Amino acid sequence: MAHRTGSTIFDAAVLGDLADQLQSGTVARNYARKFMDLLQPRHERILAALGEDDTPASLGAVLSLKVNAHMVGALAVEQTCQSLQRCVLNGDTPAATRHAEALPRDIDAVKDAITKFLSGALH
């Protein structure tokens, strides 16, 4: 079940699958909360690496965020990270920076969707 009709912000089924795999809604909830807590520092890490034109650090920061976003169903963040990753790999720092600067919009939307989901699910 993707939240917000017609868009790809958050897929709650992914987090539900994680809870099933771990056989613990509590562990999945805690993982999602930790993911949300780390969004801002990860965004800052991406911006700093791009600002230093450090391709390996930029790529590492983007991949880390992308993989964790995938694991909780944070589709909007994951999709932006995919675009960001392509730009970093292509050496297009200005385009990568534009994608990174768009991340706060996705972060806010994902945090809102996950928070709403957690308030009523995985109990």
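No experiment lies behind these values; they were computed from the predicted model shown.
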Verdict with supporting geometry, Leu22 and Tyr31, side-chain contact (heavy atoms from CB on, under 4.5 Å) = CA-CA 11 Å; Leu22 297 172; Tyr31 184 84; 5.9 Å; no
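One finds the SG atom of Cys81 at 12.0 Å from the CG atom of Leu75 (value rounded to the nearest 0.5 Å). Glu101 contributes atom CD, which lies 12.5 Å from atom OG1 of Thr80 (distance to the nearest 0.5 angstrom). Rounded to the nearest 0.5 Å, atoms CZ (Arg98) and CG (Leu84) are 11.0 Å apart.
Side-chain atoms of Gln82 and Lys66 include no donor-acceptor pair closer than 3.5 Å.
With respect to Asp112 and Lys116, a salt bridge is recorded, a charged nitrogen being found less than 4.0 Å from a carboxylate O.
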Sequence neighbours excluded and cut-off under 3.5 Å, please list the side-chain donor-acceptor pairs for residues 52-63, or say none.
{"from": "Asp53", "atom 1": "OD1", "to": "Thr93", "atom 2": "OG1", "distance (Å)": "3.0"}
{"from": "Asp54", "atom 1": "OD1", "to": "Ala57", "atom 2": "N", "distance (Å)": "3.1"}
{"from": "Ser58", "atom 1": "OG", "to": "Ala49", "atom 2": "O", "distance (Å)": "3.4"}
{"from": "Ser58", "atom 1": "OG", "to": "Leu50", "atom 2": "N", "distance (Å)": "3.4"}
{"from": "Ser58", "atom 1": "OG", "to": "Asp54", "atom 2": "O", "distance (Å)": "2.8"}

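With sequence neighbours excluded, the residues that form a side-chain contact (heavy atoms from CB on, under 4.5 Å) with Ser83 are Arg86, His99. Every residue meeting the side-chain hydrogen bond (donor to acceptor under 3.5 Å, both in side chains) condition with Gln79, not counting sequence neighbours, appears here in chain and number order: Thr8. Residues satisfying the side-chain contact (heavy atoms from CB on, under 4.5 Å) criterion with Lys111, sequence neighbours excluded, are Met36, Leu39, Ile107. Thr97 meets the side-chain hydrogen bond (donor to acceptor under 3.5 Å, both in side chains) test with no other residue; sequence neighbours excluded. Among residues two or more places apart in sequence or in another chain, the side-chain contact (heavy atoms from CB on, under 4.5 Å) test is passed with Asp108 by none. Ala48 is linked by a side-chain contact (heavy atoms from CB on, under 4.5 Å) to nothing, counting only residues two or more places apart in sequence or in another chain.
In this structure, Phe35 and Val110 approach most closely via the heavy-atom pair CE2-CG1, 4.1 Å. The shortest non-hydrogen separation linking Ala28 to Leu15 is O-CD1, 3.9 Å.
Between the side chain of Asp11 and the main chain of Ala13, a donor-acceptor pair closer than 3.5 Å is present.
Each side-chain hydrogen bond (donor to acceptor under 3.5 Å, both in side chains) pair with one or both residues in residues 40-49, not counting sequence neighbours, appears once here: Gln40-Glu44.
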